[in-house]
Every structure is written in C-alpha cells, then in structure tokens.
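Following: one structure in structure tokens, then a few remarks.
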Amino acid sequence: MSGILVAIDGPAASGKSTTARSVAVRLGYCHLNSGLLYRSIAWCSLRDGWIDAPGRFGPELERLDLTLERRDREFLVLVNGEAAGRGLLTAPETARRASRVAAMPEVRNRVLHVLRVTGEEGGVTCDGRDIGTVVFPAAELKIFLVASAHERARRRILEHGGDPAGPAFYEEVRSLEERDLRDANRSLAPMVPAADAIQIDTTELSPDEVVDRIVALALERGAEPVDESPDFA
Ligand code: C5P
C-alpha cells in the first residue's frame with residue numbers, strides 16, 4: 001500500500017487509537033494499533049502462566065507466533081493464530097500488565113520488528129508511545145496527543161459504560177497516572193514527543209476537530225486526497 005506514514009503518540013486514553021482509526025478511514029489508509037501488540041503479549045502470557053516466570057518468559061516469547069492480519073481499515077493481532085477478544089485486551093489487568101511487559105527489551109524488539117514490517121510501505125496511521133521516536137522516526141507526520149488526566153479518566157469510564165461521577169473516577173485517574181509514569185520513565189523507548197512532533201491538546205476538542213486537524217496536516221505532507229469509492233466508506 002502506498003501513502004505516507006502518520007505516527008500518533010501520547011499517554012493512555014488520550015484518544016490516540018480512535019483518532020488514528022478515523023484518520024485512516026478518512027485517508028483510505030489502515031490503522032496499526034501498537035498497544036494491541038503489547039496487550040496481546042500480556043494477555044497470552046497471563047493466560048498461559050508465564051508472565052511472572054523469568055526463566056520461562058524469554059523462551060515462551062520466542063516461540064510465540066505474533067502476526068498482524070489486515071481487516072478492513074484495521075490490523076488484527078493474532079497470537080498463535082488466535083485473536084483475543086476486545087474485552088480481554090481492554091481489561092484493566094491486561095493494560096497494567098501490558099505496560100510492564102512493554103518495558104522488557106525482548107518484548108520491545110519483537111514488537112518493533114512486527115510494526116516495521118507491517119508499516120514500512122506507508123499508507124498507515126500507527127499509534128503508540130514511541131512511534132515517532134523509535135519505530136518510524138522518518139514518518140512524514142508525527143502527532144503527540146495530550147489531554148488532562150481528569151478528562152482522560154472521564155472518557156475511559158464512559159467508553160466502558162461507567163459513570164464518570166461515580167466512585168471509580170479517582171481510581172481511574174490514579175491508574176492512568178501510574179501507567180503514564182512508567183511509560184515515560186522507562187529507559188527503553190520512553191514515551192516522549194519526537195522533536196518534530198506536533199502536539200495537540202484534546203482536552204477541549206471534539207474527536208472530529210482532532211481528526212480534521214490531523215487529516216489537514218497529512219494532506220499538506222503529501223497524503224493523497226481521500227478516495228470516496230465505497231471501499232473507503
Ligand atoms: O496504547 P495502549 O494503552 O493500548 O498500550 C498499552 C501499553 O502498551 C501502554 O501502557 C504502554 O506501556 C505500552 N505501549 C508501549 N509502546 C507503544 C504502545 C504501547 O510501550 N508504542
């Protein structure tokens with residue numbers, strides 16, 4: 001697939017993956033969600049009992065068949081030929097464990113390879129924490145999305161069908177902040193904006209406003225105008 005590469009990084013629940021998917025649909029591109037790879041490894045290693053087994057972790061990871069399969073405008077992550085359900089991948093325990101396994105060099109190398117092989121031809125919007133800095137440092141467009149922790153917690157709770165005015169709110173803020181801190185302070189591929197990234201604060205913006213801005217920037221950077229054929233609906 002031809003086209004430019006749009007890297008979208010930012011902290012947990014800043015709207016990266018929803019934005020990256022919508023931008024991909026508008027441009028006729030495909031969305032590559034790097035967090036799903038870390039979540040899938042965490043899910044599988046939790047399920048099979050090797051996540052906390054240092055002697056087993058490396059060999060089990062090496063044996064793991066990790067592939068991406070294109071489905072419409074998304075890539076599905078397959079672990080040993082199997083895709084985890086969305087509920088399992090978005091569970092708080094999976095998210096917490098994903099940010100731990102994501103600090104391991106062997107896991108990062110593995111994911112880096114899969115992402116590069118999949119995205120190198122362009123025509124992709126890829127979201128994560130280190131996409132513009134490490135995975136695709138030559139990406140034509142790099143975006144770093146931010147939003148206040150309170151706004152991110154509110155969105156995350158609504159996404160899971162909860163009540164943002166309820167007792168879970170402060171626990172969600174705490175858990176997001178804990179994950180951000182770990183992602184930003186790890187020694188390997190920490191979450192930092194690339195020097196040439198454009199930062200967008202989405203706290204006061206609607207999802208459509210964010211997408212419009214990024215699509216406009218992508219068109220400026222050489223993305224072809226949208227193809228309106230039914231295939232892109
Ligand atoms: O983006 P998402 O919340 O699904 O990512 C889950 C975890 O995977 C993050 O907390 C982060 O630790 C890790 N991650 C990463 N680098 C990426 C994408 C995700 O370290 N490019």
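Remember, it's 1-based here, ligands and their atoms both numbered in the order they're listed. Computation of the quantities below employed the complete heavy-atom set of this structure, encompassing side-chain atoms and omitting hydrogens, waters and symmetry-equivalent molecules. Numbers here simply count residues along the sequence, with the first being 1.
- Open room surrounds CD on E204; 12 or fewer heavy atoms of other groups in view lie less than 6.0 Å from it.
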Dump the intermediate steps for salt bridge (Lys or Arg N to Asp or Glu O under 4.0 Å) on D180 and R129, then the final yes or no.
CA-CA 10 Å; D180 292 346; R129 305 289 187 293; 5.7 Å; no
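- For the pair R39 and W43, the cation-pi test (distance below 6.0 Å, angle within 45°) is failed.
- Contact atoms of ligand 1 toward R179: 3 (O), 6 (C), 7 (C), 9 (C), 10 (O) (distance under 4.0 Å to a heavy atom of the residue).
- Distance from atom 9 (C) of ligand 1 to its nearest protein heavy atom, with residue and atom name: R129 NH2, 3.3 Å.
- Here the heavy atom of the protein found nearest to atom 19 (C) of ligand 1 is Y38 CD1, 3.5 Å.
- The protein atom (non-hydrogen) at minimum distance from atom 12 (O) of ligand 1 is D183 OD1, 2.6 Å.
- Of the protein's non-hydrogen atoms, R108 NH2, 3.0 Å is the one closest to atom 16 (N) of ligand 1.
- Residues E106 and R110 are not paired through a salt bridge, judged by the lack of any N-O separation under 4.0 Å between the basic side chain and the carboxylate.
- Under the 4.5 Å side-chain criterion, counting only non-hydrogen atoms from C-beta, V173 is in contact with H150.
- Close approach of ligand 1 to G128 (heavy-atom distance below 4.0 Å) involves ligand atoms 17 (C), 18 (C), 21 (N).
- In terms of protein heavy-atom proximity, atom 4 (O) of ligand 1 is nearest to R39 NE, 2.6 Å.
- The environment of NE2 in H160 is crowded: more than 12 heavy-atom neighbours from other residues, nucleotides or ligands sit within 6.0 Å.
- Here R186 has side-chain heavy atoms under 4.0 Å from ligand 1, and that is the only part of it that gets that close.
- Listed by atom number, the atoms of ligand 1 under 4.0 Å from S34 heavy atoms are 17 (C), 18 (C), 21 (N).
- Between V101 and the choices L46, I51, V111, the side chain to side chain contact (heavy atoms under 4.5 Å, CB included) rule is met once, by I51.
- Atom CE of M191 is separated from atom CG of N185 by 8.5 Å, given to the nearest 0.5 angstrom.
- Residue D127 places no N or O, backbone or side chain, under 3.5 Å from any N or O of ligand 1.
- If you check which protein heavy atom lies closest to atom 21 (N) of ligand 1, you get D130 OD1, 2.8 Å.
- If you number the atoms of ligand 1 from 1 as listed, the ones under 4.0 Å from a heavy atom of A102 come out as 12 (O), 13 (C), 20 (O).
- I143 pairs with exactly one of T19, I8, V23, D127 by the side chain to side chain contact (heavy atoms under 4.5 Å, CB included) rule, that one being I8.
- Using a non-hydrogen distance threshold of 4.0 Å, R182 does not register as a contact of ligand 1.
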